[in-house]
Amino acid sequence: MPELPEVEVVRRGLDRWVTGRTIASAEVLHPRAIRRQDGGAEDFTARLAGRTVSAPRRRGKYLWLPLDDGALLAHLGMSGQLLVGDPDRPPDRHLRVRLTFTDGGHDLRFVDQRTFGHLMVAELVPDAFDGTVPEPVAHIAADPLEPVFDDEAFYRALRRRRTGLKRALLDQTLISGVGNIYADEALWRARLHWARATENLTRPEVTRLLAAVREVMAAALAVGGTSFDSLYVNVNGESGYFERSLEAYGRRDEPCSRCGTPIRRDVFMNRSSFSCPRCQPRPRRPRL
DNA sequence: GGGTTAACCTGCGGGC
DNA sequence: TGCCCGCAGGTTAACC
């Protein structure tokens, strides 16, 4: 389940392995992997051959490799992996796209079991700040690790919304990069319930929440991200270790490390939410 | 037009 | 043994 820290781990790996190299060819093995490319596989491969890759960039869960013309944009979805390795190694079972380079060295493979992820070649457009982003990323908010993220604007946006706090945290147009795992972890750290109405949040609460989001993401990044199984790995196929540090997510009925109360699991938005019933009291008027 | 839900996918594990 | 169901969940189209 790649969220911001996992995508950043991949970005750093790509920076080491593909920056400055020139793409020789692209092979699409599953059409769904490039479903957002208007011109289909033919257009996708034509726009990659002969292009040189510069340093990879990221916003939230989106990752892109700037090219001489446009950018190769990637979203890993639920189970996507970008793997770098010996071009002669056997193909993975869920290999969707393969890129080779003119130097004949390591290739780059997009492997995605559940096919929620995708790749595409997109134009770069100006973003809301001073940089450029691929056009499909233009509607995404800055992520909390970017210097351009505006804490005060985020607070004001929450107060204008009429929805629940976790729903807002998962809304990539308000704050990007947060997914189900880090949303639960940040809410636990900030001692806020997921169903708190955003319009009632105080400034200190939002400050606490943003600090918690940044802390938990930085801690995950430091150990290579969260891996529950082999589905999430870095470009070398190695797993991260943050699962050991999770305080709420996946810990149903286990004691809260602060107060000992068993962690509770709620079903919400067709997915699980984990929280401490004592540290994160349910609001009187919950918003789901 | 903001808010909410369903659909898209595959593999795995539990229950019968 | 084998089948069915629930679950994992990021994004977006479609709905209200």
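Naming: A, B, ... by sequence-line order, numbering from 1 per chain.
Side chains of A:V18 and A:F101 form a contact here, defined as non-hydrogen atoms less than 4.5 Å apart.
Contact annotation: A:S272 side-chain N/O to C:dA8 OP1/OP2 distance is under 4.0 Å. Look at A:H94 and you won't find any side-chain N or O under 4.0 angstrom from OP1 or OP2 of B:dC9. Regarding contacts with the backbone of B:dG2, every side-chain N or O of A:T163 stays at 4.0 angstrom or more from both OP1 and OP2.
One atom, CZ of A:R36, and another, C1' of B:dC8, lie 13 Å apart when rounded to the nearest Å. Residue A:R167 contributes atom CZ, which lies 11 Å from atom P of B:dA6 at whole-angstrom precision. With rounding to whole Å, A:K166 atom NZ is found 13 Å from C:dG10 atom C1'. Counting to the nearest Å, the P atom of B:dG3 and the CG atom of A:L174 are 9 Å from each other. At whole-Å resolution of the value, CZ in A:F268 and C1' in C:dC7 are 17 Å apart. A straight line from CD of A:Q172 to P of C:dT12 spans 9 Å, rounded to a whole angstrom. Computed from coordinates, the A:F116 CZ to C:dA8 P distance equals 13 Å when rounded to whole Å. Atom CD1 in A:I175 sits roughly 16 Å away from atom C1' in C:dG10 (whole-Å rounding).
Enclosure of atom CG in A:D38 is not indicated, since only 12 or fewer non-hydrogen atoms of other residues, nucleotides or ligands lie within 6.0 angstrom. The local environment of CZ in A:R278 is sparse, with at most 12 non-hydrogen atoms from other residues, nucleotides or ligands closer than 6.0 Å. The environment of A:R162 atom CZ is dense: over 12 non-hydrogen atoms of other residues, nucleotides or ligands sit within 6.0 angstrom.
Applying the 3.5 Å distance criterion, the base of C:dA8 shares a donor-acceptor pair with the side chain of A:R114.
Minimum atom distance to the side chain of A:T115 is reached by B:dC9, of the listed C:dT11, B:dT4, B:dC9. Closest to the side chain of A:R162, from the set B:dC8, C:dG10, B:dG3, is B:dG3. Among C:dA8, B:dC8, B:dG11, the nucleotide with an atom closest to any side-chain atom of A:R265 is C:dA8. Distances from the side chain of A:R32 to the nucleotides B:dC9, C:dA8, C:dT11 place B:dC9 closest. Closest contact between the side chain of A:Q113 and the listed nucleotides B:dG11, C:dA8, B:dC8 involves B:dG11.
Neither side chain, A:T100 nor A:D107, offers a donor N or O lying under 3.5 Å from an acceptor on the other.
Counting non-hydrogen atoms under 4.0 angstrom, A:H139 reaches the backbone sugars and phosphates but no base. If you check every strand for non-hydrogen atoms under 4.0 Å, A:R93 touches sugar and phosphate atoms only.
When the nearest nucleotides of DNA chain C are assigned to A:R271 and A:V267 by heavy-atom distance, the more 5′-ward of the two goes with A:V267.
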